[in-house]
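These notes concern the structure reproduced below.
Remember, it's a predicted structure, so these values are computed and weren't measured experimentally.
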Amino acid sequence: MSAPPVVVIGGGAVGLCTAFYLRRQGMEVHVVDRGPVGGGSSRGNAGWVCLSHSAPVPAPGVVRYAVSSIGRPDSPLYVRPQATLAFARWLLMFRRSSTRQAFERGYAAVARFAEPAFDRYGELAAAGVDTTLTRPGLVHAFTSMEEATRFHRTQRAMTWAGYDVPADILTGRDLLDLDPALGGKVTAGYRVRGEGVLDPTAFVESLAAHLRKAGVRITEHAAVRGFRVRGGQVAALRMSEGDLDCSAVVVAAGSWSADLLRGLGMRMPLQAGKGYSFSVDLDPTPEHPLYLGDKHVAVSPIAGSTRIAGTMELSGNNRRLDWRRVVAIARASRDYLGPWYDTPDDLMALIRDPWVGGRPMLPDGLPVLDRVPGTPNAYAATGHGMLGITLAPASGRAMADYVVTGRRPAELEAFRGDRPPLRTARR
């Protein structure tokens with residue numbers, strides 16, 4: 001009789017990449033997801049694979065910006081206060097992580113971890129996964145030279161991480177030549193060469209299909225109710241259809257991970273950082289992914305159309321779509337893309353596939369990639385925030401090594417679950 005499989009909870013990019021590398025090392029693997037594969041944050045995101053955007057969300061000045069957003073649902077960072085002690089504690093930890101020292105330490109940790117991202121995507125492609133990844137470079141556009149200079153300076157300081165930030169900021173005709181879609185009030189910008197973009201839905205679907213052919217079982221629309229623990233280890237997952245035996249479990253369930261890990265005694269201060277996106281046919285279509293810097297909006301050419309995405313909304317773990325946020329993103333994009341719509345009715349007629357998703361956010365902006373304390377065959381892989389697509393293959397490979405060998409890979413040291421300021425502990 002064969003040993004029970006390693007069960008990966010979560011069918012998004014991180015969970016499926018973990019399953020890929022586990023299977024490549026000869027493990028029997030079973031993926032379970034509470035919804036459809038790729039139905040969470042892996043579906044509607046901007047699809048960036050970008051080393052130059054490795055910065056964690058907590059940063060100097062962001063707390064002041066967040067406070068000013070209260071009561072302003074059109075703000076790029078919107079905080080809707082929640083009357084819970086857990087949320088208050090999360091905000092306090094977020095504030096403590098927003099110092100210059102903490103920001104630079106976190107930025108460096110993620111940049112080092114992201115450095116082999118394109119090599120990892122190459123491994124997936126070589127195995128037959130249609131990653132859809134292209135590398136046209138990422139164009140940064142600004143309506144303010146001051147903001148362009150500030151952002152450019154921050155990125156130039158991190159070029160040791162392997163990305164190519166140009167020495168100069170472009171203006172005038174040189175700026176508009178960066179991409180045919182640029183217009184409006186854009187006054188400054190530059191292109192980071194080699195950065196990538198992919199179709200996240202197509203990538204996840206291809207990866208899932210590859211895993212099924214490789215013998216990985218994937219069960220969708222299956223909620224995990226808890227765990228059966230025997231001898232200090234997880235022996236089975238409690239499902240609505242009955243227990244599912246396992247030899248080990250990896251919790252990679254995005255914003256829902258905290259609820260699952262609590263059942264194993266691991267307390268994780270996880271909040272859903274809600275992001276929004278929609279698709280539209282622009283003329284001309286962007287040739288590059290675009291970062292609309294002053295408004296923190298992402299624009300991506302995906303599947304012959306244009307996806308416009310943005311915002312970070314802290315309003316609880318839910319998928320309520322606030323149309324004011326969609327309109328705010330569209331309105332902000334006009335300053336960079338020109339007046340691609342005229343009236344609110346025009347906007348509603350033009351946009352397709354409006355989406356909202358809860359990106360898993362920890363208060364220091366870094367993921368947790370670690371073993372569950374006191375349960376040696378249980379692991380957590382969550383908290384990737386807006387970096388899930390960039391970090392998924394690297395996370396999956398490292399977590400698979402951890403599960404197979406039982407030893408923490410050196411590259412995961414910065415992503416321990418017991419690092420400050422997290423308060424991860426047994427009950």
Checklist entry - Are the side chain of Arg100 and the backbone N or O of Pro60 linked by a donor-acceptor pair below 3.5 Å? => result no

Checklist entry - Would a distance-only check, ignoring hydrogens and angles, find a side-chain to backbone donor-acceptor pair under 3.5 Å from Thr382 to Ala253? => result no

Next on the checklist: Check whether Thr306 reaches the backbone of Thr285 with its side chain - one donor and one acceptor, N or O, closer than 3.5 Å.
Outcome noted: no

Checklist entry - Any donor-acceptor pair under 3.5 Å linking the side chain of Arg156 with the backbone of Val165? => result yes

Checklist entry - Can you name the one residue among Val216, Val403, Val7 that meets side chain to side chain contact (heavy atoms under 4.5 Å, CB included) with Val29? => result Val216

Item to check | Parallel, tilted or perpendicular: rings of Phe142 and Tyr190 (30°, 60°) | outcome: parallel

Next on the checklist: Tell me whether Asp294 contacts the main-chain N or O of Thr143 through its side chain, where contact means a donor paired with an acceptor under 3.5 Å.
Outcome noted: yes

Which atom pairs, donor and acceptor, lie under 3.5 Å between side-chain atoms of residues 114-123 and protein residues at least two apart or in another chain?
unit_1: Arg120; atom_1: NE; unit_2: Glu123; atom_2: OE1; d: 3.1
unit_1: Arg120; atom_1: NE; unit_2: Glu123; atom_2: OE2; d: 3.4
unit_1: Arg120; atom_1: NH2; unit_2: Glu123; atom_2: OE2; d: 3.0
unit_1: Tyr121; atom_1: OH; unit_2: Ile389; atom_2: O; d: 2.6
unit_1: Glu123; atom_1: OE1; unit_2: Tyr21; atom_2: OH; d: 2.6
unit_1: Glu123; atom_1: OE1; unit_2: Arg397; atom_2: NH1; d: 3.2
unit_1: Glu123; atom_1: OE2; unit_2: Arg397; atom_2: NH1; d: 2.4

Next on the checklist: Once salt bridge (Lys or Arg N to Asp or Glu O under 4.0 Å) is applied, what residue pairs with a partner in residues 203-217 remain, sequence neighbours excluded?
Outcome noted: Arg212-Glu220

Item to check | Any donor-acceptor pair under 3.5 Å from Thr159 side chain to Gln155 backbone | outcome: no

Item to check | Within residues 351-363 or reaching into it, pairs that qualify as side chain to side chain donor-acceptor pair (under 3.5 Å) - sequence neighbours excluded | outcome: Asp281-Arg352, Ser305-Arg352

Item to check | Leu362/Leu270 under side chain to side chain contact (heavy atoms under 4.5 Å, CB included): CA gap, chis, key distance, verdict | outcome: CA-CA 5 Å; Leu362 287 156; Leu270 199 65; 3.7 Å; yes

Next on the checklist: Between Phe20 and His210, does the side chain to side chain contact (heavy atoms under 4.5 Å, CB included) criterion hold? Intermediate values first, please.
Outcome noted: CA-CA 9 Å; Phe20 172 87; His210 173 86; 3.6 Å; yes

Next on the checklist: Whether the side chain of Arg23 engages the backbone of Ala214 through a donor-acceptor N/O pair (distance < 3.5 Å, no angle test) should be reported.
Outcome noted: yes

Next on the checklist: Tell me whether Asp177 contacts the main-chain N or O of Asp174 through its side chain, where contact means a donor paired with an acceptor under 3.5 Å.
Outcome noted: no

Checklist entry - Run the side chain to side chain contact (heavy atoms under 4.5 Å, CB included) check on Met312 and Met386 step by step: do they pass? => result CA-CA 9 Å; Met312 173 62 68; Met386 295 182 290; 4.0 Å; yes

Item to check | Side chain proximity check, Pro56 to Asp364, heavy atoms < 4.5 angstrom | outcome: no

Item to check | Ring-ring centroid check His53 Phe151, cutoff 6.0 Å | outcome: yes

Next on the checklist: Per the salt bridge (Lys or Arg N to Asp or Glu O under 4.0 Å) rule, what does the pair list look like for residues 183-192, sequence neighbours excluded?
Outcome noted: Lys185-Asp335

Checklist entry - Between Asp370 and Arg419, is the closest basic N to carboxylate O distance under 4.0 Å? => result no

Next on the checklist: By the salt bridge (Lys or Arg N to Asp or Glu O under 4.0 Å) test, which pairs, at least two apart or in different chains, include something from residues 159-172?
Outcome noted: Asp164-Arg193

Checklist entry - Is Glu146 atom CD crowded by more than 12 heavy atoms from other residues, nucleotides or ligands, each under 6.0 Å away? => result no

Checklist entry - Taking the side chain as C-beta and beyond, is there a heavy-atom pair between His288 and Leu138 under 4.5 Å? => result no

Item to check | Heavy-atom closest pair, residues Arg371 and Ala378 | outcome: CG-O, 3.4 Å

Checklist entry - Of all residues at least two apart in sequence or in a different chain, which pass the salt bridge (Lys or Arg N to Asp or Glu O under 4.0 Å) check with Asp259? => result Arg262

Item to check | side chain to side chain contact (heavy atoms under 4.5 Å, CB included) between Phe415 and Val368, intermediate numbers included | outcome: CA-CA 5 Å; Phe415 311 116; Val368 163; 5.9 Å; no

Checklist entry - What closest approach, in Å, do Trp90 and Pro363 show between heavy atoms, and which atom pair accounts for it? => result NE1-CD, 3.4 Å

Checklist entry - Does Thr131 reach the main-chain N or O of Ala125 with its side chain, forming a donor-acceptor pair under 3.5 Å? => result no

Item to check | Contact summary for Val37 and Ala208, nearest pair of heavy atoms | outcome: CG1-CB, 3.9 Å

Item to check | Expected output: side-chain Ser255 to main-chain Ala272 donor-acceptor under 3.5 Å | outcome: no

